[in-house]
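Remember, predicted model here, so these are calculated numbers, not experimental data.
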Amino acid sequence: MSYQINKGINRPIEFKGLKAQYIGYLGGGLVGLLVLFAVMYLIGLAIYLCILIILGLGSALFYQVFGLSHKYGEHGLMKRNARSYLPTYIKFKSRRLFYEKR
């Protein structure tokens, strides 16, 4: 018999095709749906309507999170969001900054 030791070293966390932070996004979304269900039930909506709404939103959540995971991968979504913080251009009124000796 042979055993593979340390099979997952330096690899991202993966669960059923979800990678890295998307597992957290899905977990947070499911907790949010649970809270939404409790609120809808407490305000008096019919239980079947609550279940129908939660099932629809839950399937949309799964579809969206799995789509993001497959499209952007482990770090791609963070890179896409970081791109919005880059300036489109840098404007200098003088070159004094480059000529000064320190």
Side-chain angles (χ1 to χ4, degrees):
M1 283 187 161
S2 67
Y3 296 97
Q4 291 182 348
I5 300 174
N6 300 330
K7 180 180 175 186
I9 297 245
N10 291 332
R11 295 188 66 202
I13 298 171
E14 187 171 341
F15 178 72
K16 304 275 186 184
L18 286 180
K19 294 180 181 121
Q21 74 269 18
Y22 302 104
I23 296 170
Y25 294 159
L26 184 63
L30 290 175
V31 169
L33 287 176
L34 179 66
V35 169
L36 180 65
F37 178 80
V39 168
M40 287 191 306
Y41 182 73
L42 289 176
I43 63 172
L45 260 64
I47 189 76
Y48 294 115
L49 181 62
C50 293
I51 291 173
L52 186 66
I53 291 171
I54 294 300
L55 284 177
L57 290 175
S59 61
L61 173 72
F62 270 83
Y63 180 77
Q64 187 70 25
V65 169
F66 272 93
L68 287 173
S69 178
H70 291 307
K71 183 175 182 180
Y72 293 113
E74 181 183 359
H75 301 294
L77 187 61
M78 290 185 287
K79 289 180 183 178
R80 189 196 74 168
N81 291 338
R83 187 174 296 144
S84 67
Y85 292 108
L86 291 175
T88 54
Y89 61 90
I90 299 174
K91 185 175 180 181
F92 291 100
K93 293 187 179 186
S94 75
R95 296 183 185 199
R96 190 181 71 194
L97 175 68
F98 299 108
Y99 291 127
E100 290 179 357
K101 303 262 183 183
R102 291 184 186 220

Report yes or no: do [X] and [Y] belong to one cluster of Ile/Leu/Val/Met/Phe/Trp/Tyr joined by side chain heavy-atom distances under 4.5 Å?
{"X": "I54", "Y": "L45", "value": "yes"}
{"X": "I47", "Y": "I43", "value": "yes"}
{"X": "I51", "Y": "L57", "value": "yes"}
{"X": "V31", "Y": "L55", "value": "no"}
{"X": "Y48", "Y": "L42", "value": "no"}

Seminar exercise, completed: CE (M78) and CD (Q21) are apart, to the nearest 0.5 Å, by 4.5 Å

Heavy-atom side-chain contact between [X] and [Y] under 4.5 Å:
{"X": "L36", "Y": "Y41", "answer": "no"}
{"X": "Y25", "Y": "L61", "answer": "no"}
{"X": "M40", "Y": "L49", "answer": "no"}
{"X": "Y72", "Y": "Y22", "answer": "yes"}
{"X": "F62", "Y": "L30", "answer": "yes"}

Exercise. More than 12 heavy atoms of other residues, nucleotides or ligands under 6.0 Å from CD1 of I90: is that the case?
Worked result: no

